[in-house]
**Student:** 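First the structure, which I've put down as structure tokens, then a few questions once you've had a look.
Any value given below was found using the heavy atoms of this structure, including those in side chains, with hydrogens, waters and symmetry copies removed. By convention in this document, chain letters (A, B, ...) are assigned in the order of the sequence lines, proteins followed by strands, and residues within each chain are numbered from 1.
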Amino acid sequence: MEPRGLPLVPADEGFLFFTRPHITKKRYLKEIFMSKQQDYENSPLYKIRHSLAHVMAQAVLEMFPTGKIAIGPPIEDGFYYDFDLPRALTPEDLKAIEKRMRNIVKKRYGFERQELSAAEAKELFADQPYKIELIEGLEAGGVDENGEPLPADERPVISTYRHDSFVDLCRGPHVKDLGKINPKAFRLLSIAGAYWRGDEHRQQLQRIYGTAWETPAELKEYLHRLEEAKKRDHRKLGKELEIFATNADELGGGLILWLPNGGLLRHLAEDFCKQEHLKHGYDMVYSPHIGKSTLWETSGHLAFYKDGMYSPIDIDGQEYYLKPMNCPFHILMYKNNLHSYRDFPLRFAEWGTVYRYERSGTLHGLLRVRGFTQDDAHHFCREDQMPDEIDFVLNFSLHILRSFGFKDFHAYLSTQPPEKSVGEAKQWRAAEAALEAALKRAEIPYDIDEGGGAFYGPKIDLKISDAIGREWQLSTIQFDFNLPERFNMTYIGADGKEHRPYMIHRALLGSMERFFGVLIEHFAGAFPVWLAPVQAKLIPITDRHNDYAADVAAKLKTAGIRVEIDDSSERMGNKIRKAQKKKVPYMLIIGDKEMEANAVAVRLRNGDDLGAIAVDEFITLAQKTIAEKETV
RNA sequence: GCCCUUGUAGCUCAGCAGGUAGAGCACUUCCUUGGUAAGGAAGAGGUCACCGGUUCAAGUCCGGUCGAGGGCUCCA
């Protein structure tokens with residue numbers, strides 16, 4: 001369906017063209033979003049899920065007659081409902097609720113819609129305080145059931161839907177009757193705490209999540225997808241492959257130990273990136289982990305970011321803070337000497353380790369930690385260089401990400417927030433234009449988050465799609481109109497006068513911790529050969545092949561290939577299994593035949609058997625794969 | 001931080017209704033020398049997260065603390 005007569009161009013195809021000049025891009029993107037949303041809301045799945053939320057509420061109220069119900073919308077892949085109940089739910093309750101739901105669904109009750117006045121609705125839901133609050137919201141016309149303001153042209157109509165004995169305040173839509181729902185195509189998944197209206201100062205409710213599909217086969221496939229995602233979980237693989245460890249008991253939460261395999265991975269990645277940075281006009285700098293409170297006062301972090309910072313350290317009566325960001329240090333470096341307009345662009349890069357307070361409940365493996373290393377850099381340039389600089393940094397970012405095997409990108413351009421922001425409008429417009437132009441030139445699909453920028457400047461966030469289609473934000477490129485002012489940064493222009501430089505923050509992989517979390521999940525632990533901690537495992541069939549294996553290993557090592565020999569007194573099958581579990585790309589089997597032919601029998605971790613290949617030939621093959629950052 | 005769940009050997013887990021610990025994998029040693037995902041045997045390994053309580057007796061029950069998982073919230 002074409003909303004409002006517009007041709008529908010999926011936002012993720014990138015290029016926007018406008019058949020009607022008066023339609024702004026923002027409006028256009030919004031319409032695409034809305035149409036996608038509408039597609040879902042009109043889909044059978046949406047109705048099934050929405051209806052099951054009602055059925056679940058009925059089942060729960062049957063078990064807890066004094067229970068209070070809050071809201072229960074469909075969500076991606078399923079639905080939930082929030083309850084205020086006299087006791088905590090258990091996993092057994094979940095099974096019982098599911099069973100009740102199944103029985104209700106089997107009765108094939110129809111859904112009846114009814115419109116009513118606020119007064120009538122309040123009477124109907126007299127013993128349901130959450131519903132009363134929603135009705136009052138609707139009555140006021142200001143907000144919808146999620147607490148979001150309603151557009152002026154959408155006069156709220158209060159409606160209810162009834163099936164069997166259960167009636168709920170709801171705007172629909174629902175299935176015609178429960179016969180449309182396959183009782184074997186849904187499942188309740190989990191119980192979680194959730195605050196009423198998402199406000200942590202208000203009542204905490206119990207939320208039950210469920211998933212629902214049109215057919216049992218789809219449900220099975222969804223559950224299978226969940227299993228697959230679980231297998232890729234970087235916390236599980238990180239442990240199995242000995243990449244990293246956490247030790248909350250003795251070390252502390254949110255702090256990462258990079259084990260030898262992870263250390264090697266990170267070293268290889270950083271080494272490659274640093275070489276690329278040097279090739280592309282960056283200067284490598286280093287800064288300390290702490291700085292005086294006065295530095296953070298000047299930067300504004302103590303005023304605006306204190307919640308993210310740890311308590312100060314007292315050194316000789318002076319307060320020092322652990323750095324949550326690297327920027328102030330790079331600015332001090334900038335200010336270390338006078339700058340001419342001829343110096344630009346200046347690019348300071350640092351793998352800077354920062355510490356930020358994260359609430360304990362939010363910590364998550366490598367993805368959300370309290371101490372992490374950013375591949376951070378700050379660019380300083382003149383206004384006339386700024387568009388080229390943005391162009392450069394975006395392309396450089398894409399180059400780096402592509403080197404790690406990511407192919408699909410999606411950008412989000414965030415513009416000036418309507419309320420508080422620093423800098424002149426002219427600067428904002430120029431910067432926003434530069435960002436957008438760079439995205440267009442790089443042919444990256446993007447969405448505009450109008451007003452979504454930070455107070456200090458517009459930005460691009462780059463997201464990558466991983467092997468199973470999940471989006472992760474890695475790179476960020478941000479203008480900063482704030483710090484150059486605060487630190488009174490200047491350069492001498494061609495006119496002999498002082499000017500303010502443009503400052504750009506950027507992180508490409510973001511944080512090394514997070515990046516490797518994503519990378520592990522993307523490759524499911526089977527890294528491209530150039531990154532694999534062990535690239536080749538030599539598997540002598542009997543121990544009379546051990547000496548030859550050692551010779552081959554020496555040759556491979558000389559050729560720069562990371563190799564290990566498994567000379568344990570196990571059978572070949574056992575050695576292969578072990579190497580396979582460690583996701584070693586090449587397994588080189590050595591027996592009499594290979595020894596005689598000065599060869600190795602190459603088995604890939606995908607199970608392919610390449611047969612016997614001369615050692616020199618294998619070296620050439622492996623080197624090529626490594627150099628091209630390919631995988632096997 | 002809040003709610004629910006949870007914390008037993010390096011890893012994955014068992015331990016019934018309280019009576020002072022068990023399996024598989026991994027590890028060590030020995031036997032085995034075997035052609036594309038687990039050969040056999042023996043051994044070593046745990047103050048059952050920590051603190052306190054109930055009890056003749058607690059891994060098992062209760063309370064607290066510190067972690068972890070799923071969410072919520074947060075992520076200038």
Side-chain angles (χ1 to χ4, degrees), chain A residues 80 82-85 87-94 189-209 230 233 235-236 239-242 245-254 259 299-309 324-325 356-365 367-370 417 420-422 453-457 473 478 480 482 514 537 539-546 567-582 584 587-594 601-612:
Chain A
Y80 68 80
D82 288 343
F83 303 96
D84 187 354
L85 302 174
R87 69 163 172 87
L89 292 166
T90 66
E92 288 70 46
D93 291 328
L94 225 53
L189 297 175
S190 58
I191 308 162
Y195 301 102
W196 170 235
R197 295 209 150 156
D199 183 345
E200 65 176 315
H201 300 296
R202 305 195 65 176
Q203 179 70 33
Q204 184 156 29
L205 307 168
Q206 297 193 69
R207 174 172 298 177
I208 301 177
Y209 282 99
K230 237 180 175 175
D233 191 316
R235 291 167 301 180
K236 178 176 146 67
K239 197 178 270 185
E240 286 173 5
L241 301 177
E242 297 177 271
T246 51
N247 183 338
D249 281 337
E250 292 189 84
L251 175 66
L259 302 174
S299 70
H301 285 94
L302 280 179
F304 300 109
Y305 196 69
K306 199 166 187 197
D307 288 348
M309 295 169 71
M325 295 184 199
R356 297 181 187 174
Y357 174 72
E358 298 284 355
R359 298 168 89 175
S360 61
T362 65
L363 301 175
H364 184 88
L367 298 180
R368 196 68 176 275
V369 294
R370 284 176 173 162
K420 42 146 201 181
S421 67
V422 298
F455 74 90
Y456 52 78
Q473 190 200 312
Q478 315 192 349
D480 194 325
N482 182 44
R514 185 180 157 77
K537 184 73 106 176
I539 300 180
I541 292 176
T542 77
D543 49 16
R544 72 173 174 279
H545 305 118
N546 285 355
D567 58 2
S568 61
S569 61
E570 287 291 346
R571 294 187 158 190
M572 182 194 63
N574 180 286
K575 296 181 185 183
I576 288 175
R577 181 180 155 81
K578 278 183 192 158
Q580 191 79 42
K581 293 205 90 168
K582 293 292 180 188
V584 177
M587 283 156 269
L588 308 178
I589 287 96
I590 289 171
D592 291 338
K593 284 183 280 180
E594 288 74 23
V602 181
R603 180 198 154 94
L604 304 181
R605 66 186 158 196
N606 65 11
D608 284 358
D609 183 355
L610 303 188

**Student:** Among B:U36, B:U12, B:C74, which nucleotide has an atom closest to any side-chain atom of A:A601?
**Tutor:**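 Closest nucleotide to the A:A601 side chain: B:U36.
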
**Student:** Is the shortest side-chain N to carboxylate O distance from A:R603 to A:D609 below 4.0 Å?
**Tutor:**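 Between A:D609 and A:R603 there is no salt bridge, as every charged N stays at least 4.0 Å from the carboxylate O atoms.
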
**Student:** Classify A:D199 by what it touches in the nucleic acid, base, sugar-phosphate, or nothing, heavy-atom distance under 4.0 Å.
**Tutor:**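 No contact.
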
**Student:** Compare the minimum distances between each of B:A76, B:C3, B:C74 and the side chain of A:M325, then state the nucleotide with the smallest one.
**Tutor:**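 Within the option list, the nearest is B:A76.
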
**Student:** With respect to the phosphate group of B:A37, does any side-chain polar atom (N or O) of A:R603 fall under 4.0 Å of OP1 or OP2?
**Tutor:**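 Yes, such a contact exists.
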
**Student:** Counting heavy atoms from C-beta on, name the nucleotide in B:G34, B:A76, B:U32 closest to the side chain of A:S569.
**Tutor:**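 Out of B:G34, B:A76, B:U32, the nucleotide with an atom closest to A:S569's side chain is B:U32.
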
**Student:** Which of the following nucleotides, B:G71, B:G35, B:U33, is nearest to the side chain of A:K593?
**Tutor:**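 So the side chain of A:K593 is nearest to B:G35.
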
**Student:** For a quick check of understanding: with a heavy-atom distance under 4.0 Å over all strands, which category does A:G361 fall into, base, sugar-phosphate or nothing?
**Tutor:**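 Base: the residue A:G361, judged by heavy atoms under 4.0 Å, touches a nucleobase.
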
**Student:** Between P on B:G7 and CG on A:N247, what's the gap in Å once rounded to a whole number?
**Tutor:**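 A:N247 atom CG is separated from B:G7 atom P by 19 Å.
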
**Student:** Report which part of the nucleic acid A:T246 touches: base, sugar-phosphate, or nothing (heavy-atom distance under 4.0 Å, all strands).
**Tutor:**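 The residue A:T246 makes no contact with any strand.
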
**Student:** Could you tell me how far B:G24 sits from B:C56 if I compare only their C1' atoms? Round to whole Å.
**Tutor:**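 The answer is 37 Å between these two C1' atoms.
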
**Student:** Which nucleotide in the list B:G35, B:G1, B:A38 gets nearest to the side chain of A:Y195?
**Tutor:**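 Nearest nucleotide to the side chain: B:G1.
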
**Student:** If you check the A:A194 side chain, which of B:U32, B:A37, B:C72 turns out closest?
**Tutor:**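 So the nucleotide nearest the side chain must be B:C72.
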
**Student:** Given that both distances must come in under 3.5 Å, which nucleotide forms a Watson-Crick or G-U wobble pair with B:U54?
**Tutor:**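 Here B:U54 is not engaged in any pair, so there is no nucleotide opposite it.
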
**Student:** Over how many whole Å does the gap from A:R356 atom CZ to B:A76 atom P extend?
**Tutor:**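 Interatomic distance, CZ of A:R356 to P of B:A76: 9 Å.
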
**Student:** How many Å lie between CZ on A:R368 and P on B:G71, as a whole number?
**Tutor:**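 In whole Å, B:G71 P and A:R368 CZ are 14 Å from each other.
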
**Student:** Heavy atoms from C-beta onward define the side chain here; which of B:A76, B:G1, B:C2 lies closest to that of A:F304?
**Tutor:**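 The listed nucleotide nearest to A:F304's side chain is B:A76.
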
**Student:** Calculate the interatomic distance between A:L363 atom CG and B:C72 atom P; express it in whole Å.
**Tutor:**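 Distance check: A:L363 CG to B:C72 P gives 16 Å.
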
**Student:** If you find the nucleotide of RNA chain B closest to A:S360 and the one closest to A:G252, which residue's nucleotide is nearer the 5' end?
**Tutor:**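 Whichever sits nearer the 5' end wins; that is A:S360.
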
**Student:** From C-beta outward on A:D609, which listed nucleotide comes closest to its side chain: B:U36, B:U32, B:G1?
**Tutor:**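 The listed nucleotide nearest to A:D609's side chain is B:U36.
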
